[in-house]
Amino acid sequence: MDTIFALATAQGRAGVAVVRLSGPNAVQAAQDFMSDVPQSRGVRQVLDNDGVLLDEAFVLRFTAGASFTGEEIVELQLHGSPAVVAAVLRVLGDHPLLRPAEAGEFTRRALENGRLDLAQVEGLADLIDAETEGQRKQALRVFSGELGNRAEDWRKKLIRATALLEATIDFADEEVPYDTRPEVSELIVDVRKSMVREHDGVRIAERVRDGFEVAIVGAPNVGKSTLLNRIAGRDAAITSEIAGTTRDVIEVRFDLDGIPVTFLDTAGLRDSDDTVEMIGVARAKDRAGTADLRVYLLMPDDDIQLDILLGDIVVRAKGDQVDSSDFAISGKTGMGVDQLLEMIGTELRQRVALVGIAMRERHRIALKQGIAGLDVAIDSLADPLGMSDLIAEDLRTAIRAVDSLVGRVDVEHVLDEIFLSFCIGK
């Protein structure tokens, strides 16, 4: 196993820069450019190959089995000067026992050494990328091992159910003390219910990670772009009294009380002889249709066809100009905008409340496969002629699906893709 090194903090000037060495030769290599390596922590001079002082570093030492990677690690906390970092990395790069780490290699070693399971690796990647409080909380739940713990609970119950069935196979010619099928059925139904809940929450979890989309929809010149600019706090979209100004979908990213939201300003919905405008209208309809939620801005005389779905919000536009007993907003003056954002936030928080721990498409597919195996087993259990050995095989299929969630089986093809999302040094 090679010993690797990398800068673990961001490039550029900083108060502190962290360089890590991990592998069997980490301590031996570190001793070649400092007087000695502390048993746990201490301040040491870092020298180049000619003994010239490069920096004074706070040095941490982690023993094998007690570090992030599971290997021996030496961590140098240097002064964050780009010149200092470059000099130290140059010395490490010239050392015969060391090589630069590849993207995600520290985390990959943590997986290979049993320090993390695959779901925790994915949670760590999402934690590093988290921009909002909701993303942080969701990623931290997975990184802390909640999905792995749940998968282990499912696995134990399914193994128990399989063992009960196989007992009836092994002692088919003898009298089994009691009928095992009721307990087997109870175990399977319990696991299936929990897996379905996680499966159904994946899409919402993906939206928390990637962001919800909220489309602002309405006829031309009702104030969609003005509203978008008010929400963004800047001129993100061109506004004009001329109808049909917006031709393409304009996006603004927004943190709505910890929930990532992308607001979409779409072209005004109307019939037109302008070919380019009609392309924009078609795009607006398509994008609004795939959005998670739509805000319809309407004037009293609008006759556009509405396709309102559960959770969509309909408000009166240009509330500063039109008298209405209905809820009205004005992007120009800010009238009702805070209330609108609260309505959107309330709707999205209700959806987020349904989220489980599984949060990726890979998780959803594994859960779907596991549920399918359990469905077959449940149907077979209900049949008096159902054969125990076949039911046990269906349960083993479900167990393999559960194992794939945390990386025990069938995940080699996804590892490279996952670790490429990490930066070098992590």
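Side chains included, hydrogens not; waters and symmetry mates left out as well; all remaining heavy atoms used.
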Check your understanding: Between the side chains of His363 and Glu198, does any donor sit under 3.5 Å from an acceptor?
Key ->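 No - no donor-acceptor pair under 3.5 Å links their side chains.
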Check your understanding: Is the NE2 atom of His95 crowded by more than 12 outside heavy atoms at less than 6.0 Å?
Key ->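 Check passes, neighbour count above 12.
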**Study point:** Neighbour count >12 (heavy atoms, 6.0 Å) for atom CZ, Arg203
**Key:**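 Open: at most 12 neighbouring heavy atoms sit under 6.0 Å from CZ of Arg203.
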Under a 4.0 Å N-O cut-off, is there an ion pair linking [X] with [Y]?
| X | Y | value |
| --- | --- | --- |
| Glu112 | Arg109 | no |
| Arg364 | Glu206 | no |
| Asp94 | Arg90 | no |
| Arg253 | Glu213 | no |

Is [Y] close to [X] at the side-chain level, that is, under 4.5 Å between some pair of heavy atoms?
| X | Y | result |
| --- | --- | --- |
| Arg44 | Glu56 | no |
| Leu395 | Leu374 | yes |
| Val84 | Leu54 | no |
| Asp255 | Val261 | no |
| Arg115 | Ser67 | no |
| Val74 | Leu76 | yes |
| His199 | Lys368 | yes |
| Val142 | Gln120 | no |

Please list, one pair per line, the donor and acceptor atoms closer than 3.5 Å that link side chains of residues 348-356 to other protein atoms, with sequence neighbours excluded.
unit_1, atom_1, unit_2, atom_2, d
Arg349, NH1, Asp257, OD2, 3.4
Arg349, NH2, Glu342, OE2, 2.8
Arg349, NH2, Thr346, OG1, 3.4
Arg351, NE, Glu347, OE2, 2.9
Arg351, NH1, Asp292, O, 2.7
Arg351, NH2, Asp292, O, 3.2
Arg351, NH2, Glu347, OE2, 3.2

Which pairs would a plain distance check flag for residues 10-29, meaning a side-chain donor or acceptor within less than 3.5 Å of a matching protein atom at least two apart in sequence or in another chain?
unit_1, atom_1, unit_2, atom_2, d
Arg20, NE, Glu75, OE1, 3.1
Ser22, OG, Thr69, OG1, 2.9
Ser22, OG, Glu71, OE1, 2.7

